[in-house]
Amino acid sequence: MISLKKCSVKRKLIFIQLITAGIVVLFTFISFGIYDFRFFSSYVMDELTSTAKLISTNTASSLAFKDNGAAVEALATLDLEEDIVNAWIYDNEGNLFATYNKKGYADYSYPLADTNCKRVKECFVKHTRGMKDACVTISKEIKIEDEVLGMLSLRLSLTQYKHMAIQSIIVTISILFVGFAMAFILSLYLQGTISRPILKLAAAGKQVIATGDYSVQVAKEGNDEIGELYDDFNKVMQQVHLREQERDNAEKSLRESEERFKTLVANIPGATYRCANDKSWTMEFISDEIKHISGYVPDDLINNKQKSFADIIVEEDLAQVNALVQNSIQNHEPYSVEYRLKHANGSIIWVHDRGQAVFKDNNVICLDGAIFDVTSNKQAETLAKQQREKLIQTDKMSTLGILVSGVAHEINNPNNFMLLNSNNLSDIWKDLKPMLDTYSEEKGDFIVAGLPYSEIRDDMEMLIGGIVEGTGRIKKIVESLKDFARKDQGSMNQQVNVNTIIEASLIIMSNLIKKSTDHLKVIYGHEIPLIIGNSQQIEQVIINLISNACQSLEQKNQSVKISTSYDKIEKKVIISVEDEGNGISQDNIKHIMDPFFTTKRDSGGTGLGLSISYTIIKEHGGELIINSEPGEGTVARIELPIQV
Amino acid sequence: MHSRCRYLFSPERGLCHKLSVIAISFLLVFITFSFADKHISLEDKTKAVFMYHFTKFIEWPGLDSLDTFTIGVIGKTEMVIPLKEIAGKKKVGNKPIRIRKFSALSDSLCCQMLFIAGSEKHKLQKYIKKLSGKPVLTIGDSPGFASTGTDMNFTLVNGKIKFEINSTQLDKTGLKVSSQLLKLGIFIKEGSND
């Protein structure tokens with residue numbers, strides 16, 4: 001039945017009709033067979049019984065008068081009966097009275113004593129000695145009036161009947177086959193009346209599926225149930241067609257709407273998104289713009305396929321972003337947050353993320369928002385900040401320059417007096433001291449300014465020396481201040497060879513260098529173009545840098561390396577001074593360019609060296625960059641453009 | 001009989017007497033039976049059975065009006081004994097069989113079948129004349145009886161008992177004899193020596 005389910009309607013109908021016809025024909029065959037068999041059996045038995053009756057009547061007198069010759073004669077009439085092959089007559093004592101054997105059947109003996117027939121009036125015993133020798137035996141009492149004289153047994157061979165039965169079966173089976181074949185041909189022809197319209201409908205259905213054309217209508221062939229099915233099919237198809245048209249229209253407008261939306265989204269300078277409010281910010285949707293921003297395509301991020309959005313946020317920013325967004329969600333407010341993304345190419349991108357949570361029944365369904373690339377803004381902002389700081393610095397410096405030059409002038413004049421007079425005072429004391437010594441030897445010790453002379457005498461030189469040193473120091477500071485604040489000092493149009501300047505500086509600084517290190521290394525770059533500027537000022541900067549390097553060394557085995565080179569691309573001459581000294585702490589490095597910032601105030605540092613150097617290099621259009629780590633040494637790098 | 005029995009078995013008699021009477025009775029019965037058996041041959045018995053079977057193949061006119069079916073026996077023969085034995089067990093139609101032994105043939109015939117023993121050879125003609133045309137089946141028991149005029153006659157053929165039929169005489173009796181019976185008989189023409 002399973003295979004039948006898969007069969008076509010046509011085959012099913014043929015199969016059903018054949019099965020029906022087959023069962024009917026088989027039933028008829030079996031019924032007729034049973035009827036024939038019964039009829040045949042009763043016919044045979046009737047014939048046999050009537051023969052037995054006749055023989056018993058004819059032989060009754062023979063038995064009565066014990067004339068077995070007459071009985072044998074009577075039995076001899078059985079020659080006319082073709083099928084009766086043996087006959088026996090027994091008397092009342094069970095003795096065989098007369099026998100009859102047809103030619104070829106003499107070997108068959110009928111042991112009456114072993115059967116039950118002795119006791120019954122009439123009985124049939126069927127003997128079957130193989131198919132060839134099937135036979136039936138009938139026994140009948142021989143009576144005169146009511147008196148039993150003996151027993152007659154007749155044996156009937158069924159061979160002839162068997163042949164008849166086989167012939168009958170062959171004929172019946174032939175009829176069966178012919179009937180079955182006719183049923184097949186008829187069913188083949190008649191099934192079409194049912195299967196054809198069904199197959200037509202099925203074909204129409206297949207056509208609809210194949211083409212997607214729901215306007216198909218099928219012409220019906222009759223007004224039966226299949227006709228009604230056609231009507232229903234046509235109605236359904238009409239309705240589907242209408243709905244299809246409506247759907248097409250709706251889809252068209254939806255597509256247009258989507259196109260508009262896509263265009264809109266594509267034109268937004270940021271990437272719009274919809275994400276889940278979870279730890280990885282799982283993206284449900286993110287517009288293509290994200291590729292330009294982060295280097296990842298939307299497919300990489302949607303449903304965390306390649307990476308989650310949280311994965312591409314810089315780790316340090318993640319917690320802050322999360323806290324800010326969650327806080328906004330709690331307050332049912334839109335959020336606006338700036339953070340850094342790790343671009344697919346490894347660079348860091350600053351983004352501005354604005355969005356809002358979507359609620360349903362007070363639960364957050366998702367977050368909708370847009371991400372904007374603000375890296376350039378950030379860079380511009382940083383640059384502006386740096387420029388602003390530089391501006392402030394410059395302004396500070398120029399103000400300071402004016403202030404300093406004023407103050408320097410005001411301090412310089414009285415200090416000149418003090419310097420001049422302190423030298424005079426020293427000379428005076430040198431002259432006075434022997435005289436006062438003689439006086440004290442002669443007159444004894446005396447009091448000067450409340451103190452005994454003997455005490456003052458030794459301190460006096462130190463006191464005057466202090467004044468001389470102090471004024472000398474003031475002079476030096478003032479001169480430095482003058483240098484810092486000087487205006488238009490010297491020509492800026494000289495052609496400067498940096499290698500020559502370094503050679504000169506090394507001669508000047510030879511004493512300090514010798515004291516500081518045994519490892520000085522100087523590498524002069526080749527073919528270094530001349531720069532335009534002031535050679536004395538540049539020499540001052542280099543001296544300052546060498547001096548700083550030497551002062552930072554703690555042991556003489558630490559080295560100082562001075563080198564020059566030319567950057568052909570940037571067209572800059574580079575001067576580098578490296579040391580292996582104690583370096584500069586992070587806190588200090590921010591202030592090293594500030595005037596008066598020094599870590600060597602105790603050893604006579606003014607805090608103006610680097611500040612002045614910075615200003616000089618800036619005036620030459622160059623850069624002074626100090627890189628240092630505590631304990632790692634310092635690299636001072638001067639970049640000077642070959643033309644200002 | 002009743003009074004005699006009472007007398008024989010009266011309580012006044014002694015037990016020994018009673019037993020002796022019973023023993024003598026049994027002895028007498030035994031002697032009688034053994035004597036009788038001794039004189040009845042198988043041949044006679046068969047003849048008696050044949051005679052009984054004849055009744056079944058012959059239609060007896062006026063049988064319904066008779067009280068009994070009478071078989072007569074005449075002459076010196078023991079046939080009465082086996083016939084009586086059969087008569088005690090069987091009937092003809094629904095009539096009981098009576099066996100009568102005739103010493104002489106009276107005018108008033110009162111039998112349906114008459115067995116004529118071989119001893120009556122000399123009186124046979126007289127009997128036939130007397131019974132001629134009457135519905136009485138005469139059965140002889142001696143060679144030549146049938147040709148003399150009996151309807152039937154027993155004879156021995158190869159040691160087997162057969163019967164002869166004088167169809168001329170038989171026709172005269174008016175009895176309807178079955179062909180079944182006729183086909184078994186040996187037909188004898190009257191006056192022949194068989």
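So you know, we letter chains A, B, ... as the sequences are listed, proteins then strands, and number each from 1. Please read all numbers here as calculations on a predicted model, not as lab measurements.
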Distance check, rounded to the nearest 0.5 Å: [X] atom [atom1] versus [Y] atom [atom2]?
| X | Y | atom1 | atom2 | value |
| --- | --- | --- | --- | --- |
| His53(B) | Lys66(A) | NE2 | NZ | 6.5 Å |
| Glu147(A) | Tyr52(B) | CD | OH | 4.5 Å |
| Asp146(A) | Lys56(B) | CG | NZ | 8.5 Å |

Which answer fits Phe54(B), side chain, backbone, both or neither, if we ask what part of it has an atom under 4.5 Å from a heavy atom of chain A?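 Both backbone and side chain.
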
More than 12 non-hydrogen atoms from neighbouring residues, nucleotides or ligands closer than 6.0 Å to [atom1] on [X], yes or no?
| X | atom1 | result |
| --- | --- | --- |
| Lys102(A) | NZ | yes |
| Phe187(B) | CZ | yes |
| Lys101(B) | NZ | yes |
| Lys126(B) | NZ | no |
| Phe184(A) | CZ | no |
| Gln160(A) | CD | yes |
| Asp46(A) | CG | yes |

Presence of salt bridge, Asp67(A) and Lys162(B), under 4.0 angstrom: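 Salt bridge flag = yes for Asp67(A) with Lys162(B).
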
Nearest heavy-atom pair of Gln180(B) and Asn58(A): which atoms, and what distance?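 Closest approach of Gln180(B) to Asn58(A), heavy atoms only: OE1-O, 2.9 Å.
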
Shortest non-hydrogen contact from Ala70(A) to Leu184(B)?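 The pair with the smallest heavy-atom distance is CB-CD2, 3.1 Å.
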
Can you tell which part of Ser62(A) gets under 4.5 Å to a heavy atom of chain B, answering side chain, backbone, both or neither?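 Both backbone and side chain of Ser62(A) come within 4.5 Å of chain B.
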
For the residue pair Phe50(B) and Phe65(A), does the interplanar ring angle fall in the parallel (under 30°), tilted (30 to 60°) or perpendicular (over 60°) class?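 Perpendicular: the ring planes of Phe50(B) and Phe65(A) meet at over 60°.
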
